[in-house]
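Notes follow once the structure below has been shown.
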Amino acid sequence: MKKLTDILKNTPVREVCGDTAAAIGGLVYDSRAVKPGDCFFAVPGTQSDGHDYIPMAVEKGAAAIVCERMPADAAEGVAYVLVGDSAGAMANMAAAFYDYPSRELKLVGITGTNGKTTTATLLYDLVRAMGYKAGLISTVVYKIDGREVEATHTTPDSIRLNAMMREMADAGCAYCFMECSSHAIVQERTRGLDFAGGIFSNITHDHLDYHKTFAEYIRAKKLFFDGLPKGAFALTNADDRNGRVMVQNTAAAVSAYSLRAMADFRCKIVEMHLDGMLLRIDGQELWVGLLGRFNAYNLLAVYGAAALLGLDRGEVLRVLSMLHAVSGRFEKIRAANGTTAIVDYAHTPDALENVIQTIEEIRTPSQQLIVVCGCGGDRDRTKRPEMAAIAVKYATTAVFTSDNPRHESPEAILDDMVAGLEPGARYLRIADRAEAIRTAVMLSRPGDIILVAGKGHETYQIVGDVKHPFDDREEIKKRFALLN
């Protein structure tokens, strides 16, 4: 239990009504989870407004309410804290409530459109292989040293973030690597955290359903680097045209990495095969089990960040050569007849093209490429025809299918995808994802390559508000077994 006055430190407050010495048992922003003695944050959202649930929170025993508007009827015995920004106040107060755990960690944030999960996970695997305890906050999973926690968001809310980091610090973790999504940055979930460094991967069109314009999406990413402190590092991709824009106003020490230009950290792809590639980093050659130009960028970002964190460069290169691909990121499944399926999370036009171009670099003229992909419902509709055009451009046959339709009709999503395709384009549309994968396997010949893109590590299909069990990898294995 902590006094309200103690957790209000560094939080701009307009007015306080009630007992600021009240003992607070926990911090909550979901009224359904309020317990007696909790502090409830009324946060305005895109779907609902937390201010509408203040009466419920009070009824359930909240000791304090943090809000942007005072309710008409203030309850006796409850402290009301009026602030200009509930989400920002929640982040500041969460950091104070958990005794600023990020200060006890070397916290590195990774932001960008593609590559966040791989970069964060490889950094986590790297330092653990080098003998350090570490935490991970990613799209796929959260980890507190070796213990896994189910991931709910790419970047969780500020209360859960600080609670997990407190567990990390108490477990003796020296590092924490976390993905910083554009939503989380704008919604101030990362406010109040002390970052040792930040990494920018790249930026392409995504999440325009939320940010509305590409300029706003760029601004959201840039806000993260604008907030880095003077003692931190900002590592940016010099080959991305917005790489320098990201760090132009940061107080952190700026470094850059590149595959094409002069930079602090450089890499060259020497050879590429289906089982991996030979890289030259800082003049040293190493074989890595990951594949693709995009993974060369990810590995170079990992190397640069490790160097900026003070880790031995030679040892870092040695360990990099031992790391494996992240779950659902260019994950390969082989059939007995030599057919290879690649499962990847690529769900943006740029990511899909990167993965396909990598396959194009290694496949032979005799190998067919069959691409299975779709687009999620209730998300950016502008990328649907772009992804369809990319699949048709490269694939021997493209199979368009369902990918988390949510509240949209799968057939309507497929209509959007194929709307701009030229007459005669080689594609099939099969809304049922299991049937689409089955068809792709049936169309394949021994030695062909099948790319199943969009869901990667996910083990579910979201229809409406319900998650139905579905795993691309398991479906592929089942179909491959029938080939024997």
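Keep in mind it's a predicted model, so treat the numbers as computed, not measured.
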Within the side chain of T401, is there an N or O that forms a donor-acceptor pair under 3.5 Å with the backbone of I430?
-> yes
Could you tell me whether K383 and E386 make a salt bridge, using a distance below 4.0 angstrom between a side-chain N and a carboxylate O?
-> no
Kindly indicate, with the supporting measurements, whether the criterion side chain to side chain donor-acceptor pair (under 3.5 Å) is fulfilled by Y100 and N10.
-> CA-CA 12 Å; Y100 302 98; N10 301 318; 3.2 Å; yes
If the plane angle is over 60° it's perpendicular, under 30° parallel, otherwise tilted; pick one for F224 and F195.
-> perpendicular
Y257 side chain near L235 side chain, heavy-atom distance below 4.5 Å = yes
Taking it one step at a time, do F41 and M93 satisfy side chain to side chain contact (heavy atoms under 4.5 Å, CB included)?
-> CA-CA 10 Å; F41 295 88; M93 292 172 69; 3.6 Å; yes
Over all heavy atoms of both residues, which pair between S327 and V140 is shortest? Give the atoms and the distance, please.
-> O-CG2, 4.4 Å
Shortest non-hydrogen contact from V43 toward A87 | CG1-CB, 4.1 Å
Side-chain donor or acceptor of T236 paired with backbone N/O of G243 under 3.5 Å | yes
Can I get a per-line list of side-chain donor-acceptor pairs under 3.5 Å for residues 159-167, giving both atom names and the distance, sequence neighbours left out?
from, atom 1, to, atom 2, distance (Å)
R160, NH1, T152, OG1, 3.1
R160, NH2, E150, O, 3.4
N162, ND2, S158, O, 2.8
R166, NE, Y98, O, 3.0
R166, NH1, E104, OE1, 3.4
R166, NH1, E104, OE2, 3.3
R166, NH1, D170, OD1, 3.0
R166, NH2, Y98, O, 3.1
R166, NH2, D99, O, 3.0
R166, NH2, E104, OE2, 2.7
E167, OE1, R147, NH2, 2.5

Does the side chain of N114 pick up a donor-acceptor pair with the side chain of D350 at under 3.5 Å?
-> yes
Say whether, by atom type as modelled, one donor and one acceptor occur between the side chain of D240 and the main chain of I203 under 3.5 angstrom.
-> yes
Side-chain touch M178/L107, heavy atoms, less than 4.5 angstrom = yes
Counting only N and O atoms by type, is there a donor-acceptor contact under 3.5 Å from the side chain of T11 to the main-chain atoms of N92?
-> no
E353 CD to I390 CD1 distance, which is reported to the nearest 0.5 Å | 4.5 Å
N-O pairing of R379 and D403 below 4.0 Å = no
In a check of side-chain contact (heavy atoms from CB on, under 4.5 Å) between R406 and each of I413, I462, V463, which one passes?
-> I462
With distance as the sole criterion, is a donor-acceptor pair present between the side chains of N242 and K222 under 3.5 Å?
-> no
Test: K478 and E474 ion pair at under 4.0 Å | no
Closest heavy-atom pair, I24 versus G26, reported as atoms and distance to 0.1 Å, is CG2-O, 3.4 Å
Closest heavy-atom pair and its distance - V66, A89 | CG1-CB, 4.1 Å
Think R429 forms a cation-pi with F400, using NZ or CZ under 6.0 Å from the six-ring centre and within 45 degrees of its axis?
-> no
CD1/I370 to CG/L451 distance, rounded to the nearest 0.5 angstrom?
-> 11.0 Å
Determine yes or no for a side-chain-to-main-chain donor-acceptor pair under 3.5 angstrom, with D378 supplying the side chain and H407 the backbone.
-> yes
State the CG-CD1 distance between N298 and I110, to the nearest 0.5 angstrom.
-> 10.5 Å
NZ of K35: more than 12 outside heavy atoms within 6.0 angstrom?
-> no
Residues passing the side-chain contact (heavy atoms from CB on, under 4.5 Å) test with A431, sequence neighbours excluded, are P410, E411, L414
Answer yes or no: is there a side-chain heavy-atom contact under 4.5 Å between Q357 and R293?
-> no
Please check if atom CD in E59 has more than 12 non-hydrogen atoms from other residues, nucleotides or ligands closer than 6.0 Å.
-> no
Note, D472 side chain near F470 side chain (heavy atom, < 4.5 Å) | yes
Between the main-chain N or O of S181 and the side-chain N or O of K116, is there a donor-acceptor pair closer than 3.5 Å?
-> no
Residues K60, M56; criterion side chain to side chain contact (heavy atoms under 4.5 Å, CB included); working and verdict | CA-CA 6 Å; K60 296 186 77 170; M56 182 188 293; 4.2 Å; yes
Cut-off 3.5 Å, side chains only: do R473 and H457 have a donor facing an acceptor?
-> no
Is there a side-chain contact between L122 and L290, using heavy atoms and a 4.5 Å cut-off?
-> yes
Separation between CZ (R438) and CZ (R479), nearest 0.5 Å, reads 6.0 Å
Report yes or no: is the cationic atom of K2 (NZ for Lys, CZ for Arg) under 6.0 Å from the centre of the six-membered ring of F97, at an angle within 45° of the ring normal?
-> yes
D38 side chain vs F40 backbone, donor-acceptor pair below 3.5 Å = no
With a 4.5 Å heavy-atom cut-off, do Y297 and T119 have their side chains touching?
-> no
Does D471 pair with K455 as a salt bridge, N-O distance under 4.0 Å?
-> no
With a 4.5 Å heavy-atom cut-off, do F294 and V355 have their side chains touching?
-> yes
If you round to the nearest 0.5 Å, how far is CE of M90 from CZ of R189?
-> 9.0 Å
Could you go through the side chain to side chain contact (heavy atoms under 4.5 Å, CB included) check for Y175 and Y124 one step at a time?
-> CA-CA 8 Å; Y175 300 91; Y124 169 83; over 6 Å; no
Please round to the nearest 0.5 Å and tell me the distance separating atom CD of E15 and atom SG of C67.
-> 9.5 Å
Main-chain N/O of S86 paired to E68 side chain as donor or acceptor, under 3.5 Å | yes
Contact summary for L126 and A306, nearest pair of heavy atoms = CD2-CB, 3.7 Å
Do R433 and E458 sit within salt-bridge range, that is, some charged N less than 4.0 Å from a carboxylate O?
-> no
Check whether more than 12 heavy atoms from other residues, nucleotides or ligands sit under 6.0 Å from atom OH of Y53, and answer yes or no.
-> no
Salt bridge between D416 and R384, side-chain N to carboxylate O under 4.0 Å?
-> yes
Check whether any side-chain heavy atom of V254 lies under 4.5 Å from a side-chain heavy atom of F225, and answer yes or no.
-> no
Nearest heavy atoms of L4 and A79, plus distance in Å = CD2-CB, 3.8 Å
Would you sort out whether I437 and I476 count as a side chain to side chain contact (heavy atoms under 4.5 Å, CB included), showing the intermediate values?
-> CA-CA 7 Å; I437 292 172; I476 291 165; 3.9 Å; yes
